[in-house]
S.K.: 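What follows is a single structure, and I will ask about it in a moment.
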2 protein chains.
Amino acid sequence: MTTIRKVAELAGVSTATVSRTLAHPDQVRKETRDLVLDAIRTVGFVPNRQAVDFRRRSTKNVVLLVRDITNPFYLEIYRGIEELAFANGYRVLMGDARGDNERVLRYVDMVRNRQADGLILMMGWLPAELTDANMPTTVVALEMLADYNFPAVAVDNRKGARIAVEHLLALGHRRIAYVGGPARLQMSTDRYQGYVDALVAAGIAPDADLTLPGDFHLAAGRAAVRHLHERQIDYTAIFLSNDEMAVGAVNELRSLGRRVPDDVSVIGFDDVDFALSSDPPLTSVRQPRLEVGRRAMQMMVDLLSGKKLTTRLYEADVELVVRSSTAPVSTKKA
Amino acid sequence: MTTIRKVAELAGVSTATVSRTLAHPDQVRKETRDLVLDAIRTVGFVPNRQAVDFRRRSTKNVVLLVRDITNPFYLEIYRGIEELAFANGYRVLMGDARGDNERVLRYVDMVRNRQADGLILMMGWLPAELTDANMPTTVVALEMLADYNFPAVAVDNRKGARIAVEHLLALGHRRIAYVGGPARLQMSTDRYQGYVDALVAAGIAPDADLTLPGDFHLAAGRAAVRHLHERQIDYTAIFLSNDEMAVGAVNELRSLGRRVPDDVSVIGFDDVDFALSSDPPLTSVRQPRLEVGRRAMQMMVDLLSGKKLTTRLYEADVELVVRSSTAPVSTKKA
DNA sequence: CTGTTAGCGCGTTCAT
DNA sequence: ATGAACGCGCTAACAG
């Protein structure tokens, strides 16, 4: 292990000068600076980051704590976060909450104990013992923590649902069914609101018969379609609040002998990978996940560098991706 | 910030005793130990891990460097790695290689510079300047690095392909097409070998007409089916070396008016999430991904704790998951 | 068993 | 512009 002392010795200067040459080059005369840099090169000196960070009381670590690390939806967000962390010299520690209080506490403690400088949260709850006051520097992405006052990167779920339904309305659909998400999630409420917004704006009263519960799982999509079928409820389009349920709906419709999109238009939400590979490729609402990750990390960097945040809430835009699971209602009669 | 000194003061002992109470409780008389623990509790002392690690010259960090962080196949591996890291007091730093030498080098340097104790690799190449000699403690998972001598956790791809084809043979299929993976990957070769193994064991000579190239993407599956169709090559089953291509094949078969599995049996590899949700649910070869992650991290822990590795190569077993995309060849005539 | 002493490798005053 | 000296918070000999 080659230390700063050896470099100093070889260059014939003090360790302080070596340190300065690295941290504040402008405070060192060019002549001696070159001397030091030469010595560094010949000795192959590389500062011990552990010592540097210890001295500086910074870690350049950020903990990324997610509800469920296996959620494929997070993948691009991971990339966005890692990308900006890398660019800013930060490291990302990955934490998987798994609905386990103890795990969450241990990861939060990591940053409390100065093992990391900040915490990026992608989950919608926190153990009760964690209060706004005793939490470290935190940024929330994707979800909302109502009881806390964290800066956040969110997605305009309400708008997403609205433009999805507007798309169906523009295609001439009037009887549009809706399948929701887990009731406790803010995003479920938001998406439902967007659905209602669009209908109301089109002068259509939301019909309770067409509003079905869901839990974001495949089976819920199937169940919803079956339910509508058994009750002989008439509809020409169905909007499911995530893609997995939409795929379930398509499968069930097919097995009931109804064609998509000829008989029923189907639209999902999230635009996950398999939305493209499903048959037919699914029309869906795309969230800029890469962007969400980048923004969250950028917020963290700003926060940690003492910069004032321009906004404590960044709301990412959404867009409709039209594929082949939606079609004009008229084709049904063709 | 409450330090070890305050605790010592309050407990009326030396800082060394406080340190010992935490690190080697058995070396401290129960009486004084309780005294110290009391003091710790009342002061709310929590050791500064940065200082501890600095002093001990350990970081308890492991860098996880993957070829492409957005690959959904890795998800469960992430979980397995995080799980054992968490259980052993390690932290996982996530690194995304993205085919970029500079990124790889920076992550490797992290462990060289004592920012991390070890490196877990999930990629099949390394920049040329990285040699076996100048690499830190490393474990490879899933892929193989032929030019290096790292301990590794692998998957028995050859066997996986073999049992897939044996399944088809048992269903009475004789004309079984095969779609390969990227040629430069070891796993592509292995899976092809398994396909051949099964055929040969059944006394069937591999037919070049039935062996098609692929790249693990959806379109390759479609293309393969179209190719066979256009050339009017006869086959009753098709084995694709990953699930994404298998889904593409199913889609194309459907649009050609051929039913799955009634007319053609389709089987994939990997058993990714959407294999279950595709229509029909896909028969596939499952790799124990959670297990792969766990093993890799366990190897790392063993390595770092100076334990002798029992095996430098752990080969995980695979299993066939039979769903509805495969059926006896006879039903075709039904 | 416990206290004293001496650093780990570096950044940063405060002199000069 | 540079050097001497100190200390970050903790652990690890070495005595006692």
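Note that the structure is predicted; figures quoted are calculated from it, not measured. Convention: sequence-line order gives letters A, B, ...; per-chain numbering from 1. Values reported hereafter were calculated over all heavy atoms of this structure, with side chains retained and with hydrogens, waters and symmetry mates removed.
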S.K.: What nucleic acid atoms does A:Val13 come within less than 4.0 Å of, heavy atoms only: base, sugar-phosphate, or nothing?
M.R.: sugar-phosphate
S.K.: Scan A:Arg114, A:Gln50, A:Arg56 and name whichever one has a side-chain contact (heavy atoms from CB on, under 4.5 Å) with B:Gln50.
M.R.: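 Looking at A:Arg114, A:Gln50, A:Arg56, the match for B:Gln50 under the side-chain contact (heavy atoms from CB on, under 4.5 Å) is A:Arg114.
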S.K.: Are A:Asp109 and A:Arg106 close enough for a salt bridge, meaning some N to O gap below 4.0 Å?
M.R.: no
S.K.: Over 60° means perpendicular and under 30° means parallel, so tell me whether B:Tyr148 and B:Phe150 are parallel, tilted or perpendicular.
M.R.: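 Plane angle under 30°, so parallel.
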S.K.: Please find the earliest and latest nucleotides of DNA chain D, in the 5' to 3' direction, that have an atom within less than 4.0 Å of any heavy atom of chain A.
M.R.: D:dA1 to D:dG9
S.K.: What donor-acceptor contacts under 3.5 angstrom involve side-chain atoms of residues 299-308 of chain A, with partners at least two apart or in another chain?
M.R.:
from	atom 1	to	atom 2	distance (Å)
A:Asp302	OD1	A:Gln298	NE2	3.1
A:Ser305	OG	A:Val301	O	3.0
A:Ser305	OG	A:Asp302	O	3.1

S.K.: Using the closest heavy atom to pick a nucleotide of DNA chain D for each, name whichever of B:Val46 or B:Arg20 lands nearer the 5' end.
M.R.: B:Val46
S.K.: Please compare B:Arg57 and B:Lys30 by the position of their nearest nucleotide in DNA chain C and report the one closer to 5'.
M.R.: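 Here B:Lys30 is the residue nearer the 5' end.
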S.K.: Want to settle it: does B:Gly12 or A:Leu22 sit nearer the 5' end of DNA chain C, counting the closest nucleotide to each?
M.R.: B:Gly12
S.K.: Let me know which of A:Asp156, A:Leu142, A:Asp317, A:Val292 forms a side-chain contact (heavy atoms from CB on, under 4.5 Å) with A:Gln287.
M.R.: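 Testing each of A:Asp156, A:Leu142, A:Asp317, A:Val292 against A:Gln287, the sole residue satisfying side-chain contact (heavy atoms from CB on, under 4.5 Å) is A:Leu142.
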S.K.: Nearest-nucleotide wise, let me know which of B:Ala16 and B:Phe54 is further upstream toward the 5' end of DNA chain D.
M.R.: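 In this pair, the answer is B:Phe54.
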S.K.: Quick one: label A:Thr3 by what it contacts on the DNA or RNA (base, sugar-phosphate, nothing), any heavy atom closer than 4.0 Å.
M.R.: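 Sugar-phosphate: the residue A:Thr3, judged by heavy atoms under 4.0 Å, touches backbone atoms but no base.
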S.K.: For a 4.0 angstrom threshold against heavy atoms of chain B, report the outermost contacting nucleotides of DNA chain C in 5' to 3' order.
M.R.: C:dC1 to C:dG9
S.K.: Does the pair B:Glu102 and B:Tyr107 meet the rule for a side-chain hydrogen bond (donor to acceptor under 3.5 Å, both in side chains), with working shown?
M.R.: CA-CA 9 Å; B:Glu102 204 209 327; B:Tyr107 277 109; over 6 Å; no
S.K.: Identify which one of B:Asp132, B:Thr138, B:Leu130, B:Leu126 satisfies the side-chain contact (heavy atoms from CB on, under 4.5 Å) criterion when paired with B:Leu145.
M.R.: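 For B:Leu145, the side-chain contact (heavy atoms from CB on, under 4.5 Å) check succeeds only for B:Leu126.
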S.K.: How many angstroms lie between atom CE of B:Met122 and atom CD of B:Glu143, to the nearest 0.5 angstrom?
M.R.: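 If I round to the nearest 0.5 Å, the distance is 8.5 Å.
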